[in-house]
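Heads up: the structure comes next, in structure tokens.
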Amino acid sequence: MRIRTCVVAGLALTAPAIALTGCASPSASLSLTSSAPATDDGEITEGLTPFDTGYPAIQKLDAGLLAAVQRAARDARDRVEFIVTSGWRSKAYQQRLLDEGVEKYGSLEKAREFVNTPEKSAHVSGKAIDIGPTRADDWLIQHGSDYGLCQAYANEMWHFELLTSPGGECPAPLPNSAG
């Protein structure tokens with residue numbers, strides 16, 4: 001959690017998860033603008049780590065998935081940092097992503113290759129996590145099965161689910177989220 005302190009008119013204001021702007025001088029006006037790295041519907045606006053459990057996108061992940069990702073992140077930390085780019089999502093947020101995909105790709109059929117429906121999305125059930133940067137994805141593709149984590153879709157190297165037991169063999173990724 002980011003905390004920022006600003007002194008305005010001799011008063012020290014400390015604010016977690018919000019940005020204090022207009023703090024340049026004691027006579028400056030103060031405005032508060034939200035810059036929370038995640039929203040209540042699971043949208044992540046800035047990178048979170050698997051340990052940022054105060055946010056619904058992380059907090060509402062399946063307990064087994066979260067524990068596996070946290071173990072992997074600890075073991076990889078000397079080589080790469082895991083950034084969660086998406087975790088749990090509300091049905092409404094998943095529908096917005098699907099609608100945006102239809103607009104971007106021109107059809108539901110094409111959008112479904114990249115975005116699942118709210119009824120089928122493993123993100124909505126908290127059973128999927130998207131990790132970045134690419135170095136972390138590469139590390140997880142190579143070592144994820146040690147934790148039960150597998151790349152679920154061939155066209156999404158960042159999307160991981162618990163698809164085997166720790167130390168087991170990952171199934172071949174599906175071509176895309178449409179199957």
Side-chain angles (χ1 to χ4, degrees), residues 1-2 16-17 36-101 108 111-179:
M1 176 184 311
R2 296 182 325 271
T39 63
D40 288 343
D41 65 359
E43 181 179 9
I44 296 177
T45 57
E46 292 180 27
L48 297 176
T49 74
F51 305 100
D52 288 323
T53 57
Y55 299 98
I58 308 296
Q59 186 180 75
K60 293 184 178 186
L61 287 171
D62 172 79
L65 174 65
L66 180 58
V69 171
Q70 287 176 337
R71 281 192 303 277
R74 276 193 218 65
D75 289 351
R77 72 177 167 254
D78 291 337
R79 292 171 288 290
V80 66
E81 180 182 15
F82 287 17
I83 302 297
V84 178
T85 58
S86 192
W88 168 85
R89 300 174 187 157
S90 70
K91 286 182 179 181
Y93 178 43
Q94 186 69 29
Q95 185 63 53
R96 278 196 319 272
L97 291 174
L98 183 58
D99 293 343
E100 289 169 7
L108 177 60
R112 286 272 294 103
E113 293 179 18
F114 302 97
V115 185
N116 230 324
T117 65
E119 296 76 27
K120 293 184 178 185
S121 173
H123 285 284
V124 172
S125 63
K127 295 186 182 292
I129 191 165
D130 294 349
I131 298 291
T134 302
R135 285 176 15 123
D137 300 330
D138 288 337
W139 191 93
L140 269 176
I141 289 167
Q142 291 176 25
H143 304 283
S145 64
D146 294 342
Y147 309 90
L149 297 165
C150 303
Q151 178 187 1
Y153 306 121
N155 70 333
E156 295 184 12
M157 71 180 298
W158 53 84
H159 182 101
F160 294 89
E161 299 178 22
L162 277 179
L163 298 176
T164 190
S165 56
E169 190 173 321
C170 286
L174 296 172
N176 55 53
S177 65

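In this text the structure is predicted, and so the values were computed from the model without any measurement. Along the sequence shown, residues carry numbers from 1.
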Exercise. For the residue pair Pro173 and Ala154, what are the closest heavy atoms and their distance?
Worked result: CB-N, 3.5 Å

Exercise. Between Gln94 and Leu98, is any pair of side-chain heavy atoms under 4.5 Å apart?
Worked result: no

Exercise. Looking at CG of Asn155 and OG of Ser177, how far apart are the two atoms once the value is rounded to the nearest 0.5 Å?
Worked result: 6.5 Å

Exercise. Restricting to pairs with a member in residues 152-176, which pass salt bridge (Lys or Arg N to Asp or Glu O under 4.0 Å), not counting sequence neighbours?
Worked result: none

For this session: Please collect all ring pair (Phe, Tyr, Trp, His ring centres under 6.0 Å) contacts where either partner lies in residues 73-93, sequence neighbours excluded, each pair once.
Result: Phe82-Trp139

Problem set entry | Rounded distance [0.5 Å steps], CG in Leu140 versus CZ in Arg135 | 12.5 Å

Problem set entry | Closest non-hydrogen atom pair, Ala57 against Gly42 | CB-O, 3.5 Å

Seminar exercise, completed: Minimal heavy-atom distance between Gly126 and Leu65, with the atoms involved, is O-CD2, 3.5 Å

For this session: Quick one: which residue pairs count as a salt bridge (Lys or Arg N to Asp or Glu O under 4.0 Å) with a foot in residues 64-79, not counting sequence neighbours?
Result: none

Seminar exercise, completed: For residues 111-126, the salt bridge (Lys or Arg N to Asp or Glu O under 4.0 Å) pairs (sequence neighbours left out) are Lys110-Glu113

For this session: Working to the nearest 0.5 Å, report the span between CG of Leu174 and CG of Leu163.
Result: 8.5 Å

Please tabulate, one pair per line, all N/O donor-acceptor pairs under 3.5 Å involving side-chain atoms of residues 127-134, not counting sequence neighbours.
{"from": "Lys127", "atom 1": "NZ", "to": "Asp62", "atom 2": "OD1", "distance (Å)": "3.3"}
{"from": "Asp130", "atom 1": "OD1", "to": "His123", "atom 2": "NE2", "distance (Å)": "3.2"}
{"from": "Asp130", "atom 1": "OD1", "to": "His159", "atom 2": "ND1", "distance (Å)": "3.2"}
{"from": "Asp130", "atom 1": "OD2", "to": "Arg89", "atom 2": "NH2", "distance (Å)": "3.4"}

Exercise. Glu81: what forms a side-chain contact (heavy atoms from CB on, under 4.5 Å) with it, not counting sequence neighbours?
Worked result: Thr49, Ile83

Problem set entry | From CA spacing to verdict: side chain to side chain contact (heavy atoms under 4.5 Å, CB included), Ile44, Val84 | CA-CA 8 Å; Ile44 296 177; Val84 178; 3.8 Å; yes

Exercise. Would you say Asn116 and Tyr153 make side-chain contact, with heavy atoms under 4.5 Å?
Worked result: yes

Problem set entry | Verdict with supporting geometry, Gln95 and Asp99, side-chain hydrogen bond (donor to acceptor under 3.5 Å, both in side chains) | CA-CA 6 Å; Gln95 185 63 53; Asp99 293 343; 2.8 Å; yes

Exercise. If you round to the nearest 0.5 Å, how far is NZ of Lys60 from OG of Ser125?
Worked result: 13.0 Å

Exercise. Is there side-chain contact between Leu66 and Gln59, with at least one heavy-atom pair below 4.5 Å?
Worked result: no

For this session: Apply the test side chain to side chain contact (heavy atoms under 4.5 Å, CB included) to residues Phe160 and Ile141: give CA-CA distance (whole Å), side-chain angles for both, the deciding distance (0.1 Å), then the verdict.
Result: CA-CA 9 Å; Phe160 294 89; Ile141 289 167; 4.0 Å; yes

Exercise. Is there a side chain to side chain contact (heavy atoms under 4.5 Å, CB included) between Thr164 and Cys170 once you walk through the steps?
Worked result: CA-CA 6 Å; Thr164 190; Cys170 286; 4.2 Å; yes

Problem set entry | Separation of Leu61 CG from Gln70 CD (nearest 0.5 Å) | 9.0 Å

